[in-house]
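Written below as structure tokens is the structure these notes are about.
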Amino acid sequence: MARTKAKVNPYQPYEDALRQKQRQLLDSYQRDKAAGNAQPDDGIQDLADKAASAYSKELNFSLSDGERNLLMQIEEAFNRMRDGSYATCTNCGNVIGEKRLQAVPWTPFCIDCQELQEKGLLS
Ligand SMILES: [Zn+2]
């Protein structure tokens with residue numbers, strides 16, 4: 001069977017899961033933003049402009065710390081996929097188990113290091 005030269009990403013299912021989660025987070029964020037900003041962008045909003053931009057500045061922070069954190073971890077997971085270090089614990093270098101990746105595809109840690117981190121034992 002001839003193999004195509006197309007790059008096969010062994011982590012495709014995880015990548016899909018990551019993208020889905022990322023979209024979910026960004027969608028709810030966009031919705032928040034849209035709800036706070038009823039005026040369409042192309043409208044004339046001279047006076048309202050300042051207030052609106054101050055408001056949307058606030059909305060930039062409408063994601064919770066946990067959600068922002070998660071988005072960052074997702075970004076980093078994509079980076080690790082690109083440089084080939086995905087599914088490897090960033091702390092100890094062990095392979096992260098498949099089940100763990102299925103549950104938390106953005107995790108940078110193997111289960112042992114995750115426990116250390118949760119106990120505050122990782123710097
Ligand atoms: Zn580890």
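Residues: numbered from 1 along the sequence shown. For ligands, and for the atoms within them, numbers begin at 1 and follow the listed sequence.
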Legend entry - Gln22/Leu70 under side chain to side chain contact (heavy atoms under 4.5 Å, CB included): CA gap, chis, key distance, verdict: CA-CA 8 Å; Gln22 187 183 42; Leu70 192 50; over 6 Å; no
Would you sort out whether Thr107 and Ile96 count as a side chain to side chain contact (heavy atoms under 4.5 Å, CB included), showing the intermediate values? CA-CA 9 Å; Thr107 187; Ile96 301 173; 4.2 Å; yes
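The two residues Cys110 and Arg100 have their closest heavy-atom pair at C-NE, 3.6 Å.
By the ring pair (Phe, Tyr, Trp, His ring centres under 6.0 Å) test, Tyr11 is found to be paired with Tyr86, residues two or more places apart in sequence or in another chain being considered.
A cation-pi geometry, defined here as NZ or CZ lying under 6.0 Å from the six-membered ring centre and within 45° of its normal, holds between Arg19 and Phe78.
Annotation: Gln30, atom CD; neighbour count of heavy atoms from other residues, nucleotides and ligands within 6.0 Å is above 12.
If you count the protein N, O or S atoms nearer to the Zn ion (ligand 1) than 2.8 Å, you get 4.
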